Amino acid sequence: MKIPLITSIADLPPALKASVTPEEKACIKKLSGTNSLPLAVTPHFASLAGPHPGDPLRRQFMPSRNEFDPDAFALADPLGEARYRKTSRLVHQYRDRALLLAGGSCAGYCRFCFRRVRMSGGPGFINRIEIAEACAYLERHSEIREILISGGDPLTADNAALEQLMAALGKARPGMVLRICTRTPVTWPQRFSAKTIGLFAKHKPIRVMVHINHLRELEEEGGVSAGQILKSLVEAGIPVHVQTVLLKGINDSAKTLADLFRACLDLGLSPYYLFQLDLAPGSAHFRVPLKTGLKIYRDLGSLISGLALPSYAVDLPGGGGKIRLYDNVIVREEERPAGNVYLLADAGGKLWEYPVN
Ligand SMILES: *Cc1c(COP(=O)(O)O)cnc(C)c1O
Ligand code: SF4
């Protein structure tokens with residue numbers, strides 16, 4: 001399926017094109033043709049972005065000089081997924097849920113992407129042999145009740161490939177919940193034809209986990225909007241859960257997040273996770289210090305309904321898994337050669353490090 005992508009300055013909408021600074025031009029040039037996440041944005045997302053360098057949508061796809069800054073805490077596999085890899089595509093870290101890295105690309109690159117290193121030049125969409133391997137594993141592991149279908153972004157595959165995958169999973173394990181993890185409703189809402197929604201509805205139990213970071217990503221442009229697509233999924237009986245990444249300069253205020261989550265609730269979507277940023281290389285300038293994040297989350301809780309409040313969580317760097325973050329999650333602070341770290345306890349009481357800044 002051909003993803004509509006803008007990959008050069010010349011093809012950006014006029015106002016954005018005029019706004020590209022000489023420094024950004026140099027970064028785009030440095031990244032083009034390399035493996036490290038070149039400029040790529042859909043016309044839809046680009047048209048929602050404003051030309052101001054601080055615009056919260058523009059910042060998500062426009063390369064910046066800061067990506068080349070050294071980051072002593074960066075990890076090539078920030079989630080430590082390699083450790084829990086059970087087949088070529090399946091990661092089994094939590095007892096009753098597994099993650100399928102279905103591969104393929106994304107409809108635009110987010111500058112803060114945690115799959116940054118692995119994704120570049122990564123494998124294509126999962127093939128028949130890899131599907132069979134994953135299904136065989138799932139058949140042997142009846143404790144798995146949910147399968148997360150992630151990517152890249154699985155919606156960059158065409159409907160026939162998705163159908164083949166979903167049908168195989170459904171056959172291997174009838175009743176297992178399919179969780180489709182995607183950002184395409186936001187970046188490429190045109191991808192969701194009535195046929196696509198019908199395909200999802202045919203494979204219940206199914207849940208859509210959509211990545212949204214800012215209220216303006218839901219806006220309408222050229223007759224389509226993420227808001228309207230997500231609402232039609234809900235109306236087709238497909239629950240939609242929202243995952244948001246806490247990003248410095250983009251959504252790092254309680255008010256900005258409250259506006260987003262209220263709007264989601266109005267559309268019938270459930271805010272699910274607010275993620276503290278993973279330690280991917282080149283993304284440190286988007287990291288909100290943990291203490292600041294905890295303060296924002298506390299303020300957020302007093303602004304909005306509990307129905308609109310996601311869990312604040314972090315994937316512990318190096319494979320510790322996800323933990324929820326709340327005010328007394330920090331056990332203590334210690335010095336390291338790369339800078340100070342907090343020690344956070346996982347559910348079993350084991351301590352894991354996360355940088356202070
Ligand atoms: C996030 C994640 C899951 C799902 O966890 P939930 O808390 O149920 O959302 C499953 N497997 C892996 C490897 C994950 O990273
Ligand atoms: S959509 Fe997700 S996987 Fe793709 S570039 Fe953005 S954060 Fe990374």
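Not measured: the values here are computed from a predicted model. Atoms within each ligand, like the ligands themselves, are counted from 1 in listed order.
A side chain to side chain contact (heavy atoms under 4.5 Å, CB included) with L246 is found for one member of L290, T292, L277, L257 and no other, namely L257. Applying side chain to side chain contact (heavy atoms under 4.5 Å, CB included) to D11 and the options I6, L5, V41 leaves one that passes, I6.
Using modelled atom types, one finds a donor on one side chain and an acceptor on the other under 3.5 Å when comparing S88 with E133. Between the side chains of S193 and T196, a donor-acceptor pair is found at a separation under 3.5 Å.
Both I323 and L274 belong to a common hydrophobic cluster when Ile, Leu, Val, Met, Phe, Trp and Tyr are linked at side-chain heavy-atom distances under 4.5 angstrom.
When every heavy atom of V186 is checked against every heavy atom of P189, the shortest pair comes out as O-CD, 3.9 Å.
For R58, the salt bridge (charged side-chain N to carboxylate O under 4.0 Å, His left out) partners two or more places apart in sequence, or in a different chain, are E24.
Within the set Q243, H211, Q60, the minimum heavy-atom distance to atom 2 (Fe) of ligand 2 is found for H211.
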Ligand 1 polar-atom proximity to protein (N/O, under 3.5 Å):
residue  : atom   : partner : partner atom : Å
ligand 1 : 7 (O)  : R97     : NH2          : 3.2
ligand 1 : 7 (O)  : Y273    : OH           : 2.6
ligand 1 : 8 (O)  : R97     : NE           : 2.9
ligand 1 : 8 (O)  : R97     : NH2          : 3.2
ligand 1 : 8 (O)  : R179    : NH1          : 3.0
ligand 1 : 8 (O)  : Y272    : OH           : 3.4
ligand 1 : 9 (O)  : R179    : NH2          : 2.7
ligand 1 : 9 (O)  : Y272    : OH           : 2.6
ligand 1 : 15 (O) : K322    : NZ           : 3.0

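Coordination check, C106 versus atom 8 (Fe) of ligand 2: failed, since every N/O/S atom of the residue sits at 2.8 Å or beyond.
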